[in-house]
Amino acid sequence: MAQIFATDRDGTKYELEGRDRLSLMEILRDAGLAIEALCGGSCQCATCHILVEEPWLSKLKSPTEFEEAALEDQGSEMQVNSRLACQIAWTDELDGIVLTVAAEA
């Protein structure tokens, strides 16, 4: 079973199963974590802001200009490990990824 280790805004830790053809946003949302995903995953609202821990961050594709702009516009403090969960497609290479749902803006 492919695993995602996620911490929500309250500090509760979850072990979730990675699922092919889904984004991290969909997996987190479907598991009941506080991911609003108001734009449905179209990289416009940044309500799926997560913080990805190293070494996982370096295993991801670089964020696009659109993702960076959405993160900058979202209102909370962007960090070097800030990403939008909707822009990260689950792959088996991410098995064991560790992330935290960012604080609300």
Side-chain angles (χ1 to χ4, degrees):
M1 175 174 81
Q3 290 186 304
I4 299 167
F5 297 97
T7 304
D8 69 11
R9 291 182 180 120
D10 296 326
T12 303
K13 297 187 182 295
Y14 297 83
E15 290 184 29
L16 308 175
E17 184 176 347
R19 298 187 321 221
D20 288 336
R21 291 178 253 162
L22 293 180
S23 68
L24 289 181
M25 177 273 292
E26 293 168 306
I27 296 167
L28 295 169
R29 180 199 61 203
D30 292 352
L33 277 77
I35 295 285
E36 290 181 72
L38 293 174
C39 70
S42 62
C43 193
Q44 294 181 17
C45 69
T47 59
C48 65
H49 181 191
I50 59 171
L51 305 172
V52 179
E53 292 190 20
E54 279 292 351
W56 303 104
L57 189 63
S58 61
K59 295 182 181 195
L60 301 175
K61 292 180 184 178
S62 297
T64 65
E65 288 180 39
F66 295 112
E67 181 178 355
E68 288 178 342
L71 283 164
E72 289 172 4
D73 292 343
Q74 52 98 15
S76 66
E77 188 173 324
M78 193 169 106
Q79 300 179 31
V80 295
N81 60 338
S82 290
R83 292 300 303 265
L84 295 182
C86 69
Q87 298 302 294
I88 303 171
W90 173 260
T91 66
D92 288 338
E93 294 158 351
L94 297 180
D95 185 16
I97 191 170
V98 180
L99 60 89
T100 300
V101 177
E104 289 184 276

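Both backbone and side-chain heavy atoms feed into the values below; hydrogens, waters and symmetry mates do not. Computed from a prediction, not measured in an experiment: that's the story for all the values here.
For the atom pair CG of Leu57 and NZ of Lys59, the computed distance is 11.5 Å after rounding to the nearest 0.5 Å. Here the CE-CG distance, from Met25 to Asp30, works out to 8.5 Å after rounding to the nearest 0.5 Å. Distance check, rounded to the nearest 0.5 Å: CZ of Phe5 to OG1 of Thr100 gives 13.0 Å.
Leu71 and Leu28 fall into different hydrophobic clusters, where Ile, Leu, Val, Met, Phe, Trp and Tyr residues are linked whenever their side-chain heavy atoms come under 4.5 Å apart, directly or through other members. Connection of Ile35 to Met78 is not established within any shared hydrophobic cluster, with ILVMFWY side chains joined at heavy-atom distances below 4.5 Å, either directly or through further cluster members. One hydrophobic cluster, built from ILVMFWY side chains closer than 4.5 Å, holds both Leu24 and Tyr14. Follow the hydrophobic side-chain contacts under 4.5 Å out from Leu33 and you never reach Leu51; the two are in separate clusters. Ile4 is connected to Leu22 through a chain of hydrophobic side-chain contacts under 4.5 Å among Ile, Leu, Val, Met, Phe, Trp and Tyr, so both are in one cluster.
When all heavy atoms of Leu16 and Ala31 are compared, the pair lying nearest together is CD2-CB, 3.5 Å. Of all non-hydrogen atoms in Glu68 and Pro63, the two that sit nearest each other are OE2-CG, 3.7 Å. Closest approach of Val98 to Trp56, counting heavy atoms only: N-CD1, 3.5 Å.
Counting heavy atoms of neighbouring residues, nucleotides and ligands inside a 6.0 Å radius, atom CD of Glu65 does not exceed 12 of them.
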Identify every side-chain donor-acceptor pair in residues 79-89 under 3.5 Å, counting partners at least two apart or on other chains, and give the distances.
residue: Asn81; atom: ND2; partner: Val52; partner atom: O; Å: 3.2
residue: Ser82; atom: OG; partner: His49; partner atom: NE2; Å: 2.8
residue: Ser82; atom: OG; partner: Gln79; partner atom: N; Å: 2.8
residue: Ser82; atom: OG; partner: Gln79; partner atom: O; Å: 3.2
residue: Arg83; atom: NE; partner: Glu67; partner atom: OE2; Å: 2.8
residue: Arg83; atom: NH1; partner: Lys61; partner atom: O; Å: 2.9
residue: Arg83; atom: NH2; partner: Lys61; partner atom: O; Å: 3.3
residue: Arg83; atom: NH2; partner: Glu67; partner atom: OE1; Å: 3.1

Side-chain atoms of residues 36-48: list all donor-acceptor pairs with protein atoms under 3.5 Å, sequence neighbours left out, distances to 0.1 Å.
residue: Ser42; atom: OG; partner: Cys39; partner atom: O; Å: 3.2
residue: Thr47; atom: OG1; partner: Ala37; partner atom: N; Å: 2.9
residue: Thr47; atom: OG1; partner: Leu38; partner atom: N; Å: 3.1

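The shortest side-chain heavy-atom distance between Leu94 and Leu60 falls under the 4.5 Å cut-off. With a 4.5 Å cut-off on side-chain heavy atoms, Leu99 and Glu53 do not count as touching. Using a 4.5 Å heavy-atom cutoff, the side chains of Asp20 and Asp92 are in contact.
At least one donor-acceptor pair under 3.5 Å links the side chain of Asp8 to the backbone N or O of Asp10.
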